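Note that the structure is a prediction, hence the values are computed from the model and not measured.
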Amino acid sequence: MRAPSSVLKQQFLQKWIMGLQVFGSAKQNMSILERKKAIRLSADIALASTRDGRTCWSRALIANASKEDDSKVLVQHLLAPESERLKKASIGLVMDNKRVRCKKILKRSCCIKRVRKGAPQVVLAKSIAKRMVMRRTQVLKSLVPGGEFMDDISLIEETLDYIVSLRAQVDVMRNLAKATEVVNGK
């Protein structure tokens, strides 16, 4: 079951601010591009850490961030209490993905396609629709972190959860921007 939106937003805001503080204390003079990268990275890790590694996309974000030298410190700082558990979960994700791939390859190689004798237009329409669905699924897999390793059903579930989390992230960022404008008197 998903956490209520307000709880998710509070957790995200707390962890995001912590991540920004880590970046701020690490470097004093940052260029605009470095600031942009720091904000995005801390937001991604904060968002992933609010899910406690229960979703594939959050584990994939953490695993991708852990690969880069610049972001290892941030990942360790934000995920300090649950760091080892999430790292093990990310490693397990890689192993599980290999198993899913093997099953898919086995399934594809064993199935024999039967050609039905029927109206050629119906067969053509089905094949076009199938290709469109496959193409759109590939696009979706490229958009969701870790999506390339998911089957179609779990991809849809993970995508829905990722969208809810991204909406919460956007809401928090908008509210923070509005609060900054009010404080600065614009």
Side-chain angles (χ1 to χ4, degrees), residues 1-27 35-104 137-179:
M1 186 171 155
R2 294 184 183 115
S5 181
S6 60
V7 173
L8 178 68
K9 289 177 184 178
Q10 284 179 332
Q11 289 175 348
F12 168 74
L13 183 60
Q14 289 172 347
K15 293 186 179 192
W16 186 41
I17 290 172
M18 232 178 13
L20 291 174
Q21 288 172 344
V22 168
F23 268 115
S25 64
K27 269 190 169 179
R35 286 182 188 177
K36 179 183 171 184
K37 183 179 177 184
I39 291 169
R40 181 175 181 188
L41 184 62
S42 60
D44 282 348
I45 294 171
L47 187 66
S49 66
T50 59
R51 289 300 187 201
D52 296 326
R54 291 185 304 249
T55 58
C56 289
W57 65 263
S58 64
R59 292 190 302 265
L61 275 177
I62 291 168
N64 289 340
S66 297
K67 290 177 187 175
E68 298 175 19
D69 291 333
D70 298 344
S71 56
K72 280 184 183 178
V73 174
L74 179 65
V75 171
Q76 289 172 352
H77 188 74
L78 283 180
L79 305 176
E82 63 243 10
S83 180
E84 289 304 315
R85 185 179 56 80
L86 287 176
K87 283 181 184 175
K88 287 178 184 175
S90 325
I91 293 169
L93 171 72
V94 173
M95 296 305 291
D96 289 341
N97 292 336
K98 288 181 182 177
R99 281 188 226 130
V100 170
R101 278 187 179 175
C102 293
K103 285 181 184 178
K104 283 184 178 181
T137 303
Q138 288 300 333
V139 169
L140 190 58
K141 284 182 177 189
S142 69
L143 292 175
V144 177
E148 57 272 359
F149 302 114
M150 295 179 212
D151 62 354
D152 294 347
I153 293 171
S154 61
L155 176 68
I156 292 171
E157 291 172 359
E158 292 283 327
T159 303
L160 291 174
D161 188 69
Y162 189 52
I163 289 170
V164 168
S165 299
L166 286 175
R167 276 200 181 142
Q169 182 184 31
V170 168
D171 288 345
V172 168
M173 289 179 165
R174 279 189 183 148
N175 288 337
L176 188 61
K178 285 179 186 175

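- If you take CG on Leu47 and CG on Leu61, they are separated by 7.0 Å, rounding to the nearest 0.5 Å.
- Under the side-chain contact (heavy atoms from CB on, under 4.5 Å) criterion, Leu41 pairs with Phe23, Ile45, Ala65, Ser71, Leu74, not counting sequence neighbours.
- For Ser154, the side-chain contact (heavy atoms from CB on, under 4.5 Å) partners at least two apart in sequence or on another chain are Met150, Asp151.
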Between side-chain atoms of residues 164-171 and protein atoms elsewhere (two or more places apart, or another chain), which donor-acceptor pairs fall under 3.5 Å?
residue, atom, partner, partner atom, Å
Ser165, OG, Arg51, NE, 3.3
Ser165, OG, Arg51, NH2, 3.3
Ser165, OG, Asp161, O, 3.1
Asp171, OD2, Lys9, NZ, 3.1

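- Residues Asp152 and Lys141 have side chains in contact (heavy-atom distance under 4.5 Å, counting atoms from C-beta outward).
- Every residue two or more places apart in sequence or in another chain that forms a side-chain contact (heavy atoms from CB on, under 4.5 Å) with Ile156 is listed here: Leu160.
- Every residue two or more places apart in sequence or in another chain was checked for a side-chain contact (heavy atoms from CB on, under 4.5 Å) with Lys36, and none qualifies.
- Taking CG from Leu155 and CG from Leu140, the interatomic distance works out to 4.5 Å, rounded to the nearest 0.5 Å.
- Among residues two or more places apart in sequence or in another chain, the side-chain hydrogen bond (donor to acceptor under 3.5 Å, both in side chains) test is passed with Ser42 by Trp16.
- Annotation for Ser58 and Arg54: closest pair OG-N, 4.1 Å, computed over non-hydrogen atoms.
- To the nearest 0.5 Å, atoms NZ (Lys15) and CE (Met18) are separated by 6.5 Å.
- Across every non-hydrogen atom of Tyr162 and Leu143, the tightest pair is CE2-O, 4.1 Å.
- A distance of 8.5 Å separates CG of Leu20 from CG of Leu176, quoted to the nearest 0.5 Å.
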